[in-house]
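Some notes on the structure that comes next.
In the text below, chain A, chain B and the rest are named by the order of the sequence lines, each starting its count at 1.
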Protein chains: 2
Amino acid sequence: MARVRISDVAAAAGVSTSTVSLVLNDRTGARISEETRVRVREAAATVGYTPNSIARGLRMQRTRTIGLVSDVIATTPFAGRMLAGAQDAAREHGHLVFLVNTDADPAVERDAIRALVDQQVDAMIYACMWHQVVETPADLPAQSVFLDCRPVSGGHPAVVPDELAGGRAAVRELVAAGHRRIAYVDAEELNPPVASGLRRQAYLEVLAEAGITPDPAWHVHGSETTSASGRAATERLLDLPADLRPTAIFCFNDRMAAGAYVAARHRGLEIPADLSVVGYDDQQLVAGELDPPLTTVALPHYEMGRWATEVALGAREPPAPDQTYLMPCPIIRRDSVSSPPAAAANSSRRRA
Amino acid sequence: MARVRISDVAAAAGVSTSTVSLVLNDRTGARISEETRVRVREAAATVGYTPNSIARGLRMQRTRTIGLVSDVIATTPFAGRMLAGAQDAAREHGHLVFLVNTDADPAVERDAIRALVDQQVDAMIYACMWHQVVETPADLPAQSVFLDCRPVSGGHPAVVPDELAGGRAAVRELVAAGHRRIAYVDAEELNPPVASGLRRQAYLEVLAEAGITPDPAWHVHGSETTSASGRAATERLLDLPADLRPTAIFCFNDRMAAGAYVAARHRGLEIPADLSVVGYDDQQLVAGELDPPLTTVALPHYEMGRWATEVALGAREPPAPDQTYLMPCPIIRRDSVSSPPAAAANSSRRRA
DNA sequence: TGAGCCTGCTAAATCGATTGATCACATATT
DNA sequence: AATATGTGATCAATCGATTTAGCAGGCTCA
């Protein structure tokens with residue numbers, strides 16, 4: 001069963017293809033009588049005509065498609081939300097999205113960008129899964145937006161999570177609960193460079209604004225960003241002398257926070273009564289499934305996906321040239337934060 | 001900077017566009033001298049020509065694109081692997097994939113299928129995220145493959161996980177470790193219908209083949225498939241009299257298994273010394289992060305994604321008409337299974 | 001010398017839409 | 001009567017490739 005073409009509609013309605021096109025596209029200014037319009041529309045409906053997007057794309061020089069090239073889609077739960085955001089925005093604007101997963105392979109990435117350009121995509125989104133600064137790939141069309149990363153040399157709109165504000169919100173949550181001895185379970189130095197640095201900066205800033213001088217022992221590093229690594233780092237905090245031991249921990253991410261739970265449990269410490277914990281990322285399967293559920297800061301992947309797509313399609317004003325848009329990271333309050341244990345509050349208040 | 005067209009190459013090489021096309025597509029049988037071929041190729045390289053896929057698609061009636069419509073992409077970690085599998089297979093065959101997320105909205109789904117057909121995709125993949133039987137959507141082209149679901153009325157190739165074999169492997173793992181009192185923490189009746197039924201069937205079959213008569217009390221249901229629900233169901237098992245209490249649990253999925261861990265811990269039971277646990281799904285962030293890491297059965301989403309794409313592109317033989325391909329689910333051995341406690345028959349062993 | 005056959009290349013049709021120019025005809029104006 | 005104006009619809013070019021039929025020129029051979 002061959003596809004119905006515009007000429008089939010024209011034949012059925014007894015008019016030319018021009019007329020059909022003019023009617024179906026509602027071209028104002030075209031002088032077509034109302035009777036003819038009705039006849040054409042009915043003919044189109046009865047033969048079941050839908051326009052061939054390829055032919056239209058060729059003629060119009062506009063395909064109503066966008067390309068999304070991402071370095072990772074399988075190994076992180078964030079990718080899905082990002083895609084969903086991009087997807088929804090694209091659909092709302094009548095666009096379809098080509099998805100390419102490069103697995104961070106530069107050759108695959110190059111070929112993918114070329115293939116998408118050859119497909120005449122109207123716009124392109126270059127996404128990374130971890131907030132970072134990247135080289136602008138060759139052949140990237142002008143109409144491109146960076147998602148969860150920033151081009152070193154600028155030249156394109158970009159959106160990343162506002163990790164500084166998010167980190168501040170997380171630590172303020174602990175300060176507001178009355179904690180003074182607050183630790184930071186950090187990722188390995190420089191990995192991933194941007195996120196880690198900003199969250200650490202937020203930690204230091206909030207302690208300073210609360211008039212707390214952090215003890216260097218409160219800043220511990222994990223070798224990776226896993227639960228096991230978070231546990232090991234937390235052990236070191238819990239080994240500190242009682243008057244120095246933190247009553248609250250801000251963790252680089254939720255997985256490390258899960259490790260903190262394990263460490264605390266092995267010492268017989270209750271969360272949050274004996275130790276308050278805040279994570280980052282809001283990984284549903286981690287933060288939501290922990291016992292008690294983890295208070296954390298969400299990474300706004302869905303929103304960033306939407307933002308990037310809307311900017312790429314020109315439906316939203318881009319930020320000033322070479323400015324990166326910072327997407328707010330909302331704090332997700334669950335049950336892992338309470339006021340510090342009474343004993344801790346009384347025993348030692350270290351102030352500058 | 002306008003795109004380079006084939007006519008630009010022709011002009012640069014001093015030949016016709018026909019010649020350029022013939023040369024660049026390596027059409028054997030075309031009588032073009034070697035000198036001309038070299039000249040054309042050099043011209044193409046220097047002007048930086050790459051063919052316009054839209055124009056080619058129109059002429060060839062073949063776009064080298066496929067459509068993938070999925071009911072969910074954001075809320076499950078499995079979606080990513082499925083996409084990655086489809087993606088990789090498509091790339092290896094020189095195809096690009098259009099991704100559409102319908103959020104299980106029938107209207108969105110209908111529009112998406114139409115849009116993809118209008119884009120002249122060469123093939124289509126209809127994916128669900130949870131193994132199920134579905135109605136065949138209207139307008140679905142003949143060249144379509146069902147992924148992680150089966151059309152009620154057949155007519156298309158389909159691939160689903162072999163949950164029966166996977167479930168058998170899981171329970172056999174417990175039988176092989178020496179367990180006799182093996183429980184099944186099930187999902188709610190009929191939700192999701194197919195997976196739950198098959199895993200239950202596997203449980204009953206393996207007990208039967210091991211000569212074990214299951215006590216009805218060993219088959220408990222959770223109201224949902226969450227950790228909390230798994231915990232509640234497990235509590236009921238642990239409340240059984242000592243001589244009836246299971247020494248091993250097969251859980252419908254990893255999240256419920258995480259709940260079983262919580263229940264066991266609250267009773268002071270060690271996993272696997274006091275209670276062996278096997279899950280299903282191999283959700284990395286759950287199974288891998290538990291303490292101890294959970295032995296489970298993996299859902300082969302990546303492989304199913306590949307399979308569906310290869311069949312859709314004709315690169316792999318489809319199964320016999322109206323036969324559904326069952327993809328093996330490999331067992332992932334971690335540390336949550338050991339032999340039953342020696343005193344299992346008469347002691348509840350509460351630990352401090 | 002001219003029919004037959006290669007060789008090397010190109011003209012022109014085609015894919016299915018969109019659109020500016022144009023046509024046929026009716027009516028209004030001078 | 002001749003010209004202008006307006007209406008409704010169509011013609012034909014176009015987008016950028018692929019592909020079939022065929023042309024021009026050289027060579028062979030009877």
Side-chain angles (χ1 to χ4, degrees), chain A residues 2-41 43-44 47-65 94 114-115 117-122, chain B residues 2-41 43-44 47-65 94 114-115 117-122:
Chain A
R3 258 189 80 92
V4 175
R5 299 183 307 281
I6 196 171
S7 58
D8 298 320
V9 180
V15 297
S16 70
T17 60
S18 316
T19 303
V20 175
S21 174
L22 261 13
V23 169
L24 296 185
N25 290 304
D26 272 325
R27 297 218 67 85
T28 55
R31 297 178 309 219
I32 310 281
S33 70
E34 190 52 37
E35 297 116 86
T36 305
R37 302 192 106 99
V38 170
R39 197 148 38 85
V40 167
R41 276 193 273 263
V47 300
Y49 171 73
T50 56
N52 180 321
S53 304
I54 295 295
R56 173 182 276 174
L58 177 60
R59 175 62 228 244
M60 309 265 278
Q61 301 291 80
R62 183 131 181 288
T63 55
R64 304 198 138 258
T65 60
R114 259 207 257 287
V117 169
D118 291 347
Q119 284 285 345
Q120 311 285 107
V121 294
D122 292 342
Chain B
R3 258 190 78 92
V4 175
R5 298 183 308 283
I6 195 171
S7 58
D8 298 321
V9 180
V15 296
S16 70
T17 60
S18 316
T19 302
V20 176
S21 175
L22 260 11
V23 169
L24 296 185
N25 289 304
D26 271 325
R27 297 217 67 83
T28 54
R31 297 177 309 220
I32 310 281
S33 70
E34 191 51 37
E35 298 116 86
T36 305
R37 302 191 106 99
V38 170
R39 197 147 39 83
V40 167
R41 277 192 274 262
V47 300
Y49 170 74
T50 57
N52 180 321
S53 303
I54 295 296
R56 173 183 276 175
L58 177 60
R59 174 64 227 243
M60 309 263 277
Q61 301 291 78
R62 182 130 182 290
T63 55
R64 303 198 140 260
T65 60
R114 259 207 256 287
V117 169
D118 292 346
Q119 284 285 345
Q120 312 285 106
V121 293
D122 292 341

Side chain proximity check, A:I54 to A:L58, heavy atoms < 4.5 angstrom:
no
Sequence neighbours excluded, the answer for side-chain contact (heavy atoms from CB on, under 4.5 Å) partners of A:A12 is A:A43, A:V47
Polar atom pairs (N or O), protein with nucleotides 6-8 of chain C, under 3.5 Å:
| residue | atom | partner | partner atom | Å |
| --- | --- | --- | --- | --- |
| C:dG8 | N7 | B:R31 | NE | 3.0 |
| C:dG8 | N7 | B:R31 | NH2 | 3.4 |
| C:dG8 | O6 | B:R31 | NH2 | 2.7 |

Please, which pairs that meet side chain to side chain donor-acceptor pair (under 3.5 Å) have at least one residue in residues 8-17 of chain B, sequence neighbours excluded?
B:S16-B:T19
Please list all pairs meeting salt bridge (Lys or Arg N to Asp or Glu O under 4.0 Å) that have one or both residues in residues 22-32 of chain A, counting only residues at least two apart or in different chains.
A:D26-A:R41
Sequence neighbours left out, what passes side chain to side chain donor-acceptor pair (under 3.5 Å) with B:Q120? Give chain and number order.
A:R3
Applying side chain to side chain donor-acceptor pair (under 3.5 Å), name anything that partners B:T65, two or more places apart in sequence or on another chain.
B:T63
Helix axis bend for the helix from C:dT1-D:dA30 to C:dT30-D:dA1 - C1'-based end axes, five pairs, 10° rounding:
90°
B:R64: partners by side chain to side chain donor-acceptor pair (under 3.5 Å), with sequence neighbours left out
none
Suppose we screen for side-chain contact (heavy atoms from CB on, under 4.5 Å). Which residues come up paired with B:V38, at least two apart in sequence or across chains?
B:E34, B:E42
Sequence neighbours excluded, which residues qualify as side chain to side chain donor-acceptor pair (under 3.5 Å) partners of A:R37?
none
If you define the side chain from C-beta out and look only at heavy atoms, does anything of B:I6 sit under 4.5 Å from B:S21?
yes
Could you list all N or O pairs between the protein and nucleotides 12-19 of chain D that sit under 3.5 Å apart?
| residue | atom | partner | partner atom | Å |
| --- | --- | --- | --- | --- |
| D:dA12 | N6 | A:S18 | OG | 3.4 |
| D:dT14 | O2 | A:R59 | NH1 | 2.8 |
| D:dC15 | O2 | A:R59 | N | 3.4 |
| D:dG16 | OP1 | A:Q61 | NE2 | 3.4 |
| D:dG16 | N2 | B:A55 | O | 3.2 |
| D:dA17 | OP1 | B:Y49 | OH | 3.0 |
| D:dA17 | OP1 | B:N52 | N | 3.0 |
| D:dA17 | OP2 | B:I6 | N | 2.4 |
| D:dA17 | O5' | B:Y49 | OH | 3.3 |
| D:dT18 | OP1 | B:N25 | ND2 | 3.1 |
| D:dT18 | OP1 | B:R56 | NE | 3.0 |
| D:dT18 | OP1 | B:R56 | NH2 | 2.9 |
| D:dT18 | OP2 | B:S21 | OG | 2.6 |
| D:dT18 | OP2 | B:N25 | ND2 | 3.3 |
| D:dT18 | O2 | B:R59 | NH1 | 2.2 |
| D:dT19 | OP2 | B:R27 | NH1 | 3.2 |
| D:dT19 | O4 | B:S18 | OG | 3.1 |

